[in-house]
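Structure first, commentary second.
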Amino acid sequence: MLKKYLQKKYKIFNNSSLSEKFIFKRNGLKDGFIYTLYSDNSNLIEVGFTQSNKILENKLMNEKFILLDKKKGSLKELRTLKRTLEELGLLILNNKYYKYSELLIRHLHTLGWPVGRSLYKQRVIKKKILYAVN
């Protein structure tokens, strides 16, 4: 009887502590928008997270970046992406910029990061021209 009582109390305790941890973590990693920006002048890609569209719009107006794509996401996704790209050997500058390369765009696309189609089109066009010439 004591064993059943302790098991019941232990389950209630475990469930409440798990839900409290989940709420704490959830509040720390709020949802917002994950985005990809491209700078034509410096040939850099910026991957980032923002909680509102207005912050992103201000960034686009103040700095000379082109928005490639954005989608709903979380800060956790951004952190995971940065760790993954680091493990793949891509260097990060100032904790948010990457030097543009086809390899970077391919990795971002494979990892499900919003990259749009504007930079991807160049590669497809080059392939079509190469096949037409051969």
Side-chain angles (χ1 to χ4, degrees):
M1 186 172 194
L2 181 61
K3 187 176 179 181
K4 284 183 182 180
Y5 176 76
L6 290 175
Q7 284 178 343
K8 198 174 194 181
K9 288 292 183 185
Y10 184 70
K11 283 181 184 178
I12 292 170
F13 178 73
N14 277 346
N15 290 342
S16 66
S17 66
L18 286 176
S19 63
E20 288 172 13
K21 287 179 185 177
F22 178 73
I23 291 169
F24 176 75
K25 286 185 179 182
R26 185 73 179 151
N27 289 339
L29 301 175
K30 294 182 180 178
D31 289 333
F33 296 96
I34 52 176
Y35 61 85
T36 307
L37 302 176
Y38 173 69
S39 171
D40 199 22
N41 296 338
S42 55
N43 204 28
L44 292 176
I45 296 286
E46 178 183 341
V47 293
F49 169 81
T50 184
Q51 290 181 344
S52 72
N53 272 331
K54 291 188 180 198
I55 296 171
L56 185 58
E57 289 172 10
N58 289 338
K59 185 176 190 72
L60 290 171
M61 288 184 178
N62 295 336
E63 302 173 21
K64 296 185 178 178
F65 278 96
I66 301 165
L67 178 65
L68 297 181
D69 202 3
K70 68 176 180 177
K71 71 176 186 179
K72 288 190 176 196
S74 67
L75 188 57
K76 183 179 180 182
E77 289 179 75
L78 176 63
R79 290 176 183 165
T80 304
L81 176 81
K82 287 181 178 181
R83 274 189 244 118
T84 305
L85 291 176
E86 183 182 344
E87 288 179 12
L88 290 171
L90 295 168
L91 298 175
I92 189 168
L93 309 168
N94 292 340
N95 201 24
K96 61 182 173 179
Y97 301 110
Y98 293 92
K99 186 79 174 155
Y100 169 79
S101 68
E102 286 186 22
L103 179 66
L104 171 65
I105 298 299
R106 200 172 326 136
H107 283 317
L108 290 173
H109 181 72
T110 302
L111 294 168
W113 196 259
V115 291
R117 298 228 178 250
S118 58
L119 290 178
Y120 232 5
K121 286 181 185 176
Q122 296 173 358
R123 185 169 176 249
V124 172
I125 292 170
K126 286 178 189 177
K127 278 187 172 183
K128 287 181 180 179
I129 292 172
L130 286 175
Y131 289 131
V133 172
N134 292 336

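Keep in mind it's a predicted model, so treat the numbers as computed, not measured.
Distance check, rounded to the nearest 0.5 Å: CG of Leu93 to NZ of Lys99 gives 8.5 Å. In this structure, the separation between NZ on Lys71 and OG1 on Thr36 is 9.5 Å, given to the nearest 0.5 Å. Rounding to the nearest 0.5 angstrom, the gap separating the CG atom in Leu85 from the NE2 atom in His107 is 7.5 Å. Atoms CZ and OG1, from Phe33 and Thr50 in turn, are 8.5 Å apart once rounded to the nearest 0.5 Å. The OH atom of Tyr100 sits 7.0 Å away from atom CD1 of Ile45, with the distance rounded to the nearest 0.5 Å. In this structure, CZ in Phe65 is found 9.5 Å from CG in Asn41, a value given to the nearest 0.5 Å.
Few gaps surround CG on Asn62; more than 12 heavy atoms of other groups in view lie less than 6.0 Å from it.
Judged as a side chain to side chain contact (heavy atoms under 4.5 Å, CB included), and not counting sequence neighbours, the contacts of Lys59 are Tyr35, Leu37, Glu46, Glu63, Lys96. Residues that satisfy the side chain to side chain contact (heavy atoms under 4.5 Å, CB included) test with Glu86, not counting sequence neighbours, are absent from this structure. Applying the side chain to side chain contact (heavy atoms under 4.5 Å, CB included) rule to Asn95 yields the partners Lys82, Ile92; only residues at least two apart in sequence or on another chain are considered. Under the rule for a side chain to side chain donor-acceptor pair (under 3.5 Å), the partners of Ser42 that lie at least two apart in sequence or sit in another chain are Ser39. Shown here are the side chain to side chain contact (heavy atoms under 4.5 Å, CB included) partners of Asp69, two or more places apart in sequence or in another chain: Pro114.
Of all the heavy atoms in Tyr98 and Leu104, the pair that sits closest is CB-CD2, 3.4 Å.
A chain of hydrophobic side-chain contacts below 4.5 Å, direct or via other Ile, Leu, Val, Met, Phe, Trp or Tyr residues, connects Leu60 to Tyr97.
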For a side chain to side chain contact (heavy atoms under 4.5 Å, CB included) check, start with the C-alpha distance between Phe49 and Asp31, then their side-chain angles and the critical distance, and finish with the verdict. CA-CA 9 Å; Phe49 169 81; Asp31 289 333; 6.0 Å; no

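Taking the side chain as every heavy atom from C-beta outward, Tyr38 and Leu67 never approach each other to under 4.5 Å.
Listed for the Glu87 side chain is no donor-acceptor partner under 3.5 Å among the backbone atoms of Thr84.
Residues in residues 47-56 take part in no salt bridge (Lys or Arg N to Asp or Glu O under 4.0 Å) pair, two or more places apart or across chains.
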